[in-house]
Amino acid sequence: MTEPSNLPDSQPTAADDDEISLLDLLIVLAKYKKLILGLPFVVAVLAAGYSLTLANIYTGVTKIMPPQQNQSAAAALLGQLGGALGGLTGAATGIKNPNDLYVGMLQSRTVADNIIQRFDLNAHYEEEYQSRTRKRLDKLTTIISGKDGIISIEVDDKDPRRAADLANAYVDELLKLTQVLAVTEASQRRLFFEKQLAQAKISLDKAQVAARQALQQGGLAKVDDQGRAMLEATARLRAQIAVKEVQIGAMRTFAANRNPDLRFAQQELESMKHELAKIEGAGVAKSTTLDPSGQGFESLSLLRDLKYNEAIFELLSQQYGLAKIDEARDSTVVQVMDKAVEPDRKSKPKRALIVLLSALAAGLVAVIWAFAREAIAKTDADSRQAERLSRLRSYLSIGRR
């Protein structure tokens, strides 16, 4: 004989519980089917009516290709100077990501104000303050730099013609701004050498004036061949030291004191200074024809300064000329790939999506509402639960403390 089960016949199993739970859910959904189906339908109709009142928005799209930072002829020549000016160029004028630079320029206040003035957007947007018009334009404009290196400019407007014109205006203003600012490697290098060349010209003029005055006052003492060789070597070393000091100053802006390249450059500078001191202290008395007044020493110093400034001016003049050539070659580096044309289809609003999302949201709210009402109804049917619910309501009432 089989032993009778300890469980009563009326006790449901776990599978029965799951089946009953699922059945209860379906019962609740069927009970409130009018609410669950009716509310999304009503909301969808209202959303469709609302979307029809929205104005059509058109998007003007233009794509540009920013310049690529390539090594120029001047930069290659700088590399032949032992890395001194080459390192300076990389540190002072190198741009990590040209796309980020041009996106920042497109989003600048200068570009926005020029476009606002050009299209009279204060009146078009009916804004009294320039700052509000600028914010309004910024919200309607999207500037994206893609992984392929292409910058996309998108502008929204109710008028398709104006949307295209605004997108193209960003490119026009960017080209104007690049002509004013030194943004490319060549233009920054040209600006750097222009300043250095101006300083070198002033120093050279002073050296020439000093030498001319010495000639007028009594002439320069004769410097022999050995003294001339020492003078030229000294001038070259002094020029290299000056360049190395500028390089170290530029490196300190991005390198720590323990940086190996910086420490190596400092060691090179100390070595060159030591060598210069040895040359200047070696046989100066033998390099000139001395007179009792010591005019030979003064003549050697004047000639050395003159040769040094001539060498520096000649080097900077050459680099400045090459930088100007590179800048002229890169003057039209911003290339327009796709010019914005008048869009023939609206981009916003997406009415079908508005209706669909509204209906789904209303359906979700209706389902939650149905289950909440069913739970409250079951609670009211249970006397014990009803008493607890009544107590909760009394505590939550506004008048009770």
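None of these values were measured; they are calculated from a predicted model. The figures here come from the full heavy-atom set of this structure, side chains too, leaving out hydrogens, waters and symmetry mates.
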Q: Just do the salt bridge (Lys or Arg N to Asp or Glu O under 4.0 Å) check on Asp138 and Arg134 with the steps written out, would you?
A: CA-CA 6 Å; Asp138 182 65; Arg134 197 182 301 122; over 6 Å; no
Q: Verify the distance criterion only: is there a donor paired with an acceptor across the side chains of Ser358 and Tyr50 at less than 3.5 Å?
A: no
Q) Just checking, any donor-acceptor pair under 3.5 angstrom between side chains of Arg351 and Asn56? A) yes
**Q.** All side-chain hydrogen bond (donor to acceptor under 3.5 Å, both in side chains) counterparts of Asn309, not counting sequence neighbours
**A.** none
Q) Is there side-chain contact between Lys273 and Glu268, with at least one heavy-atom pair below 4.5 Å? A) no
**Q.** pair Asp157-Tyr58: side-chain heavy atoms closer than 4.5 Å
**A.** no
Salt bridge (charged side-chain N to carboxylate O under 4.0 Å, His left out) with [X]: which residues, sequence neighbours excluded?
X      : result
Glu310 : none
Asp172 : Arg118
Glu154 : none
Lys176 : Glu173

Q: Name all pairs fulfilling the salt bridge (Lys or Arg N to Asp or Glu O under 4.0 Å) condition that reach into residues 102-111, sequence neighbours left out, sorted by first residue then second.
A: Arg109-Asp113
(Q) Out of the candidates Val365, Leu364, Leu29, only one should pair with Ile36 under the side-chain contact (heavy atoms from CB on, under 4.5 Å) rule; please name it. (A) Leu29
